[in-house]
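Okay, structure first, notes after.
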Amino acid sequence: MPSRVFDIAIIGGGVIGLTLARELGGRDARVAVIDAGAAVPQATVAAAGMLAPSFETCAAFGGLAEPLYHLGARSLAMWQDYAPALEEETGIVIDYRRDGTLGLAYRDAQAEDLAKQAALVKNLGGAAEMISGDEARALEPALSNEVVAALHAPEDAQVDPRHVMSALRISLKNRDIEIVPARVLSLGEGAAAGQFACAEGDVFEAQTIVLAAGAVSGLTPMGLVYPVKGEATAIAAEGVVTRVVRAPGAYICPKAGGRVVIGATEELGPLLDHHSVSDAAIAGLRANAARAAPGLSSAQELERWAGLRPGTPDGAPIMGRDKEGRFLALGHYRNGILHAPAAAEAMAALILGETPPFDLAPFDPSRFGPGRFSPAQGG
Ligand SMILES: Cc1cc2nc3c(=O)[nH]c(=O)nc-3n(C[C@H](O)[C@H](O)[C@H](O)COP(=O)(O)OP(=O)(O)OC[C@H]3O[C@@H](n4cnc5c(N)ncnc54)[C@H](O)[C@@H]3O)c2cc1C
């Protein structure tokens, strides 16, 4: 006998699970979130919080470039109302800023790559322009004289993901949505597909199950959602740069109170752990950031950390259903914070039997082959 029965159970309480729960709760659906807490690492709290579709869509995505860009652009636009509404509801300031991104080039070849990126974004309907090194320095006087050109994406924005999570938790409480602390070890199949077993010994049941469990849940088959480790640091450097700067080898994100996030490495491999942060990785990121803005070079380190992004084979998220009828909200890779409001809106519509506001077919799990996407059993 299941120890608890839910209408809708979302497994995973990162930004994707919590924004979806908030959306469903706002539509009077009865929903609970099951989250493992510290037992399974969370990508969301490791994120820099850039909302930057202009830099996160590239020609390498092939046929997925267009739907991915539109997902990101739609969500970026949604953040404009989402952020103040969340702040007003919860009293938590999430440090939303819409002051654009500068992508830097030191050499002509890098400038040519950025110009191709700007052309792609403009073709897809976005705002992106190439500017000279001097024009970039006029926007950000701390930039080095090495900068010869920059891609300016004036509509990009950013938030502080940790504050977003605090606000979302309060918002769920306001809506009587429970976050149940439990680690799901296995999902039922066939007649028992509505059940799932937890490490704490409980078996839960839900009419509707949503998997939003990030990179290392043990609930998705190896190879379809996999961890991509990122190491990052924060330094104290009030006012050196005022907007997000993406330099070769590092990005620089100024946050409230003079905190500046510098990220991030990308590492793939079977032996990834989310704890370790190497001196070499942080030194490399800091050197690359200081090359872009020398005023950052001697700033005091405040913190360093690592996180595991939920990657997928084609770099695009998985939004749809598996063969057991469970809903999948997975694999947002480098852009889960950006995608969250639009992904939540679309997944909520799918779950409630409505027509999603944009076509989810490009993100359907069936693109990986018929029958391939079914959650594995065991932790
Ligand atoms: C260094 C770094 C920088 C990044 N920067 C950005 C950025 O600037 N902009 C951006 O948009 N994105 C960024 N990202 C990516 C972003 O963090 C992710 O795409 C996003 O957080 C994924 O959210 P999620 O909810 O899918 O997964 P997660 O945040 O990982 O949440 C999954 C949750 O599920 C829980 N869970 C897992 N398994 C189980 C289980 N078996 N039972 C119960 N609960 C379980 C976990 O405990 C966790 O709370 C960055 C990521 C990293 C690592």
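Just follow the structure's listing: the first ligand is 1, and inside any ligand the first atom is 1.
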Problem - Those atoms of ligand 1 less than 4.0 Å from some heavy atom in G307 - result: 53 (C)

Practice task
May I ask you to check if ligand 1 and A46 share an N or O to N or O distance below 3.5 Å?
Solution key: no

Practice task
Look up atom CD in E155 and atom CD in Q80, then write down how far apart they are to the nearest 0.5 Å.
Solution key: 8.5 Å

Practice task
State whether the shortest distance between N or O atoms of W305 and N or O atoms of ligand 1 falls below 3.5 angstrom.
Solution key: no

Exercise for the section: Measure the distance from atom 24 (P) of ligand 1 to every protein heavy atom, then report the residue, atom name and distance (to 0.1 Å) of the closest one. Expected result: I16 CG1, 3.8 Å

Handout entry: Backbone of T233 reached by a side-chain donor or acceptor of E301 within 3.5 Å
Key = no

Practice task
Starting from atom 22 (C) of ligand 1, find the nearest protein heavy-atom neighbour and note its residue, name and distance.
Solution key: P310 CG, 3.8 Å

Practice task
Flag the pair R162 and E303 as a salt bridge only when some basic side-chain nitrogen lies within less than 4.0 angstrom of an acidic carboxylate oxygen.
Solution key: yes

Completion exercise
dist R326:CZ -> I209:CD1 (nearest 0.5 Å) comes out at 6.0 Å

Handout entry: Distance filter under 4.0 Å to H332 heavy atoms, resulting ligand 1 atoms
Key = 19 (O)

Practice task
Report the part of A182 (side chain from C-beta onward, or backbone N, CA, C, O) that has a heavy atom under 4.0 Å from ligand 1; answer both or neither where that applies.
Solution key: backbone

Fill in the blank from the handout: Counting from 1 in the order shown, the ligand 1 atoms closer than 4.0 Å to a non-hydrogen atom of G12 are 33 (C), 34 (O), 35 (C)

Completion exercise
of all protein heavy atoms, closest to atom 37 (C) of ligand 1 is A213 O, 3.1 Å

Practice task
Using a strict cut-off of less than 4.0 Å between a Lys/Arg side-chain nitrogen and an Asp/Glu carboxylate oxygen, indicate whether K116 and E112 qualify as a salt bridge.
Solution key: no

Exercise for the section: Can you figure out which of V180, V225, T265, D35 has its heavy atom closest to atom 46 (C) of ligand 1? Expected result: D35

Exercise for the section: Can you measure from NE2 (H339) to CG (L71) and round to the nearest 0.5 angstrom? Expected result: 4.0 Å

Handout entry: Sub-4.0 Å atoms of ligand 1 with respect to non-hydrogen atoms of I34
Key = 43 (C), 44 (N)

Practice task
Give the intermediate values and the outcome of side chain to side chain contact (heavy atoms under 4.5 Å, CB included) for residues V244 and D156.
Solution key: CA-CA 9 Å; V244 172; D156 282 1; over 6 Å; no

Exercise for the section: Can you measure from CD1 (I131) to CG (L102) and round to the nearest 0.5 angstrom? Expected result: 5.0 Å

Problem - Test of proximity, A43 against ligand 1: N or O pairs below 3.5 Å - result: yes

Practice task
Output, in order, the C-alpha distance, side-chain angles, deciding distance and verdict of side chain to side chain contact (heavy atoms under 4.5 Å, CB included) for W79 and V164.
Solution key: CA-CA 11 Å; W79 269 108; V164 169; 4.1 Å; yes

Problem - Polar side-chain atom of R367 near backbone of D314 as donor-acceptor pair, under 3.5 Å - result: no

Handout entry: A39 heavy atom under 4.0 Å from ligand 1
Key = no

Completion exercise
Among non-hydrogen protein atoms, atom 50 (C) of ligand 1 lies closest to A47 CB, 3.6 Å

Practice task
Could you list which atoms of ligand 1 come closer than 4.0 Å to a heavy atom of Y333?
Solution key: 15 (C), 16 (C), 18 (C), 19 (O)

Fill in the blank from the handout: closest protein heavy atom to atom 51 (C) of ligand 1 is R309 CG, 3.5 Å

Problem - Distance-only N or O hit between ligand 1 and V184, under 3.5 Å - result: yes

Practice task
Check for a donor-acceptor pair, side chain of E87 on one end and backbone N or O of A167 on the other, with a separation under 3.5 Å.
Solution key: no

Exercise for the section: Tell me, please: is G49 in heavy-atom contact with ligand 1, that is, under 4.0 Å? Expected result: yes

Exercise for the section: Would you mind running through ligand 1 and noting each atom that sits below 4.0 Å from a heavy atom of I337? Expected result: 10 (C), 11 (O), 12 (N)

Handout entry: Side-chain (E146) to main-chain (A292) donor-acceptor, under 3.5 angstrom
Key = no

Handout entry: Contact (N/O only, under 3.5 Å) between T44 and ligand 1
Key = yes

Handout entry: Heavy-atom nearest neighbour in the protein, as seen from atom 20 (C) of ligand 1, with distance rounded to 0.1 Å
Key = G336 CA, 3.8 Å

Problem - Geometric N/O contact A36 with ligand 1, under 3.5 angstrom - result: yes

Problem - Check ion pair R304-D279 (N to O, under 4.0 angstrom) - result: yes

Problem - Numbered atoms and elements of ligand 1 in range of V15, under 4.0 angstrom, heavy atoms - result: 23 (O), 25 (O)

Handout entry: Identity and separation of the nearest protein heavy atom to atom 8 (O) of ligand 1
Key = M50 N, 2.8 Å

Problem - Euclidean distance, L124 CG relative to L68 CG, rounded to 0.5 Å - result: 10.5 Å

Exercise for the section: Could you see which bit of L185 sits under 4.0 Å from ligand 1, with heavy atoms only: side chain, backbone, both or neither? Expected result: neither

Exercise for the section: Classify the angle between the aromatic ring planes of F196 and F6 as parallel (below 30°), tilted (30 to 60°) or perpendicular (above 60°). Expected result: parallel

Exercise for the section: State plainly whether the residues D134 and R137 are in salt-bridge range, i.e. N to O under 4.0 Å. Expected result: yes

Exercise for the section: Heavy-atom contacts with G214 under 4.0 Å: which atoms of ligand 1 show up? List them by number with element. Expected result: 27 (O), 30 (O), 32 (C)

Exercise for the section: Examine R334 against ligand 1 and note whether any of their N/O atoms are separated by less than 3.5 Å. Expected result: yes

Practice task
Report the nearest protein non-hydrogen atom to atom 5 (N) of ligand 1: residue, atom name, distance rounded to 0.1 Å.
Solution key: A48 N, 3.2 Å

Practice task
For G263 and ligand 1, answer yes if some heavy atom of the residue is under 4.0 Å from a ligand atom, otherwise no.
Solution key: no

Exercise for the section: Please work out whether any backbone atom (N, CA, C, O) or any side-chain heavy atom from C-beta onward of Y251 is under 4.0 Å from ligand 1, and answer side chain, backbone, both or neither. Expected result: side chain

Problem - Min N/O separation V40 to ligand 1 under 3.5 Å - result: yes

What pairs of donor and acceptor atoms, side-chain ones from residues 15-22 against any protein atom, are under 3.5 angstrom apart with sequence neighbours left out?
residue: T19; atom: OG1; partner: V15; partner atom: O; Å: 2.6
residue: T19; atom: OG1; partner: I16; partner atom: O; Å: 3.3
residue: R22; atom: NE; partner: S171; partner atom: OG; Å: 2.7
residue: R22; atom: NH1; partner: Y82; partner atom: OH; Å: 3.4
residue: R22; atom: NH2; partner: E89; partner atom: OE1; Å: 2.8

Problem - Gap separating the CE atom of M347 from the CZ atom of R321, nearest 0.5 angstrom - result: 9.0 Å

